Amino acid sequence: MAEEKRITPMAQDFSAWYIDVIKNADLMDYAPVRGCMIFKPAGYAIWEAIQRGLDSRFKATGHENAYFPMLIPESFFNKEKEHVEGFAPELPWVTEAAGEKLEERLALRPTSETIVGWAFQKWIQSWRDLPVLVNQWANVFRWEKRTLPFLRTSEFLWQEGHTAHADEKEAREETIRMLNVYVDFVQNEMALPVWEGQKTPSEKFAGAIDTYSIEAMMKDGKAVQAGTSHYMGTKFAQAFNIQYLDKDQTLKFVHTTSWGASTRLIGCLVMAHGDDKGLRLPPKIAPVQLVMIPVGPAKLREKVLARFDPLFQQIKAAGIRVKADAREEYSPGWKYNEYELRGVPLRLEIGPRDIDNNVVIIVRRDTGEKITASQDGLIDIINNLLTDIQQNMYNQALQFRQDHSFEATTLAELTDILDKQFGFVLGGWCGSGACEEEVKKATKATARNKPFGAPKQMPTCITCGQPSVATVWYARGY
RNA sequence: CGGGGCGUAGCUCAGCCUGGUUUAGAGCGCUGCGUUCGGGACGCAGAGGUCGGAGGUUCAAAUCCUCUCGCCCCGACCA
C-alpha cells in the first residue's frame, strides 16, 4: 500500500493541521524570501473566485477599478502622523535603482491611502467631481515579525477601495455600505457567518476616525478579521490637501473612506470549513464543484467511458464547474482521497453497474453521504445538492459559532472560558484603553469589535465593573 | 526582535553523539515495461546528491569547532 498523505488531526495540533491542509490541498508553496509565499493554481483559483464575488459587488455599488503604483515616496507617509506611526515599522524600502542610491527612498506600499490621496488632490476641484469611487486589486507589503501562510504574509494580495465624498454623512454611509458588501459576500458565498461591528479605538486603522470590521470564527475558536471598512473623516484630505469648491462657493475638505479584504480570506475558508480529511470548499467558491471519476475493471473501461464522456459534456453545458478525472495511472480510491483533500464539494462515480441501472453515485464532501442518483434529471439533482451543501456549510459554521460563543461579566470568567472552551466571549466594556490592555495581558484576547445587533447588552465592564459604554466580542485573534 | 526546532535525492527523513566498510542510505515520488482498477494497487528495471554556504581541526569530515545564510514553530507587533 502506498504511503498516504497525512494530515495531523485538528484536535491534536491545529497549527500543524492547517499547514498540512494547505500543503496537501496544493494551495501554496513557500517562497525563497521569508514570509512570502507562492499561490499555486489551486490556491489562486480560490482567490479568483473571491475576486469575482467581490468585484461584481463593487461594480454594482458604483465603483470602478483603477491601479496605483506600488512604490510610494517616503515623504508621503510623513504627512499623516498616525498613519506613519502605524505603518513605518513594517515597511520594506527601495533605496537604490540602476546602481545609484535614490534621493528619496521608496516604500513598497503597505496600503495606498497616501498615494490615492495625492491623486485625489489632483482629480478633485468641484463638488461636481464627487463622489470619487475607486477600487484597486493589488499586492501590498507588511514586514510582519511572524508570518503564517494566507493569514499573515510579508506580501499579500487584496483589494482596497478608496472613496472621496462631499460630506461626513455620505462618507459614513459609504463606509457601512461596503462593510455590508463584505458581510453579504462572506456569508452568502463563503458560507461563513460573521459579526459586523465597530473596532475599539486601540484596534482602529492607523489614520482612521472609525474602523469597522467583520469577524469570523475559526475552528480553534480564534477570530479572523475578514474585512474592514474605515471612515477617515478629513484626515487624509487635510494631509494631502484634497479640497473642493462647494455650491456655497467655499472650499471644503472631502471626507474619505477606504475598505479592504485580502487573501487571508483563503485562510479563513480553510480554518473555518476544513476538517481532518482536508479542505472543504463552499460550492459558490469552489473552482471545481463536481469531480467525475470513472470506475470499474479495465476491460469494461470503454463501456464506462462511452457514458462518462457525454455525461461530462452535459454537466459542463449546464454551467456546473465540473472536472473529469479519467486518468488510468491513479486508482479510484486514490482520487477519492485526493479530491476530498482539495475540498471539491461533490464527487460523481460511474461504473458498469451504474450504467446498467441508469444511475450514478454522488458523494457529498460536507457530510460524506453517498447518494444513488438517476441519470435522468441529473443536472437538477446536482444543482440542488450544490445549493444544499452551500446552505449546510453555512449552518454548520453558524452552529459551531453558537456552540463556542459565551458571555462573561468578569475577567476571571473570561479567562476561564477562553482556557477551557475557546471561542468568542461577549462582555461589557467601559470605554477605557487600560481595561482593554488588561484583558489582553490576562487572556491574550482582544476586543474584536462592538457588534451591530449584539445578542445581548452587557451592562458592566468585564474588567473594572464600571457601567459599560459598549458590548464587545472578546477573542484571541489571528 | 527573543525562545525552540531544523537545513543530507523532488518530498519526508535515517546516518552525526562515539570522524574511517557508506562506493552517502531508506520510504514515498519520478522514468520505462507489464499486470491491476467500486476507498490511497503490485512486480521488475532505472534516473536522481558538490550532505545550506564559508573557514578551520585532522592522515581522514555529512559527522568535531567557528562564523554565516535560510526555513518552520512558539511569544511581543499586525490585514
Side-chain angles (χ1 to χ4, degrees), chain A residues 1-8 13-16 18-20 23-24 26 29-37 85-91 110-111 139-160 182 199 202-206 211 213-216 223-230 258-268 277-278 293-301 304 326-341 347-355 359-361 363 368 370 372 440-441 444 446 476-478:
Chain A
M1 183 181 285
E3 180 74 10
E4 296 179 14
K5 284 183 178 173
R6 291 204 181 283
I7 294 181
T8 307
D13 182 342
F14 193 82
S15 297
Y18 176 70
I19 300 290
D20 285 347
K23 291 290 284 180
N24 284 312
D26 210 24
D29 204 348
Y30 289 104
V33 175
R34 194 198 82 88
C36 292
M37 58 172 282
E85 283 170 3
F87 285 105
E90 53 192 41
L91 292 177
T111 180
N139 59 338
V140 288
F141 293 83
R142 297 183 189 179
W143 224 253
E144 304 292 352
K145 300 295 184 194
R146 191 175 154 218
T147 61
L148 183 64
F150 293 115
L151 286 174
R152 198 170 38 241
T153 44
S154 302
E155 178 194 20
F156 57 94
L157 308 181
W158 77 346
Q159 59 67 217
E160 48 181 323
Y182 292 136
K199 285 286 193 185
S202 70
E203 300 285 327
K204 259 183 358 186
F205 176 80
T211 288
S213 73
I214 57 172
E215 302 285 334
V224 170
Q225 178 176 314
T228 52
S229 189
H230 316 287
S258 73
W259 26 274
S262 74
T263 37
R264 89 180 332 198
L265 285 173
I266 298 171
C268 279
K277 287 182 169 180
I293 299 170
V295 296
K299 53 185 174 292
L300 293 175
R301 191 170 179 79
V304 172
R327 291 178 296 177
E328 293 183 46
E329 60 268 35
Y330 292 102
S331 69
W334 187 91
K335 292 175 188 172
Y336 299 166
N337 285 286
E338 183 68 10
Y339 291 104
E340 281 168 2
L341 212 42
R347 176 174 83 235
L348 185 153
E349 304 166 19
I350 182 166
R353 290 202 300 269
D354 307 317
I355 289 169
V359 297
V360 295
I361 305 296
V363 183
K370 274 196 181 193
T372 303
K440 198 170 173 182
K441 214 179 284 175
K444 287 175 195 159
T446 54
R476 293 179 182 140
Y478 277 98

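Quick note: numbers below take in every heavy atom, side chains included, and nothing from hydrogens, waters or symmetry partners. Just so it is clear: chains get the letters A, B, ... in the order the sequence lines come, proteins before strands, and each one is counted from 1. Nothing here was measured: the structure is a model prediction, and the numbers come from that model.
Relative to the side chain of A:Ile361, the nucleotides B:rG38, B:rC37, B:rC77 differ in distance, and B:rG38 lies closest. Ranking B:rC78, B:rG39, B:rC73 by closeness to the A:Lys370 side chain, first place goes to B:rG39. Checking B:rC1, B:rG38, B:rC73 against every side-chain atom of A:Lys145, the shortest atom distance belongs to B:rC1. Checked against B:rA76, B:rC74, B:rC37, the side chain of A:Ala298 finds its nearest nucleotide in B:rC37.
Rounded to a whole Å, the CG atom of A:Leu148 is 11 Å from the P atom of B:rG75. Taking atom CG of residue A:Leu300 and atom P of nucleotide B:rU36, one finds them 13 Å apart after rounding to whole Å. Atom P of nucleotide B:rG38 and atom CZ of A:Arg301 are separated by 11 Å, given to the nearest angstrom. The nearest whole Å value for the distance from the CH2 atom in A:Trp334 to the C1' atom in B:rG38 is 18 Å.
Taking atom P in both B:rG32 and B:rG48, the straight-line distance is 16 Å, to the nearest Å. Atom name C1', nucleotides B:rC28 and B:rU68: the rounded distance is 33 Å, in whole Å.
A:Lys335 has no carboxylate O lying under 4.0 Å from a charged side-chain N of A:Glu340, or vice versa, which leaves the two without a salt bridge.
One side chain, A:Glu349 or A:Tyr336, offers a donor N or O that lies under 3.5 Å from an acceptor on the other. Side-chain contact check for A:Thr8 and A:Asp13: no donor-acceptor pair (N or O, by modelled atom type) lies under 3.5 Å.
Across every strand in view, B:rC71 sits in a pair with B:rG5 that passes the Watson-Crick or G-U test at under 3.5 angstrom.
Residue contacts shown for A:Glu144 include a base, since a base heavy atom lies under 4.0 Å away. Residue-level contact check: A:Arg347 touches the bases, meaning some heavy atom is under 4.0 Å from a base atom. Across all strands shown, A:Val33 has heavy atoms under 4.0 Å from sugar-phosphate atoms exclusively, and none from any base.
At B:rG75, one or more side-chain N or O atoms of A:Arg146 fall inside 4.0 Å of OP1 or OP2 (strictly under the cut-off). Between A:Ser331 and B:rA41, a side-chain N or O to OP1/OP2 separation shorter than 4.0 Å is present.
From A:Glu144, atom CD reaches atom CD of A:Glu90 across 4.5 Å, with rounding to the nearest 0.5 Å.
Between the side chain of A:Glu340 and the base of B:rG39, a donor-acceptor pair under 3.5 Å is found.
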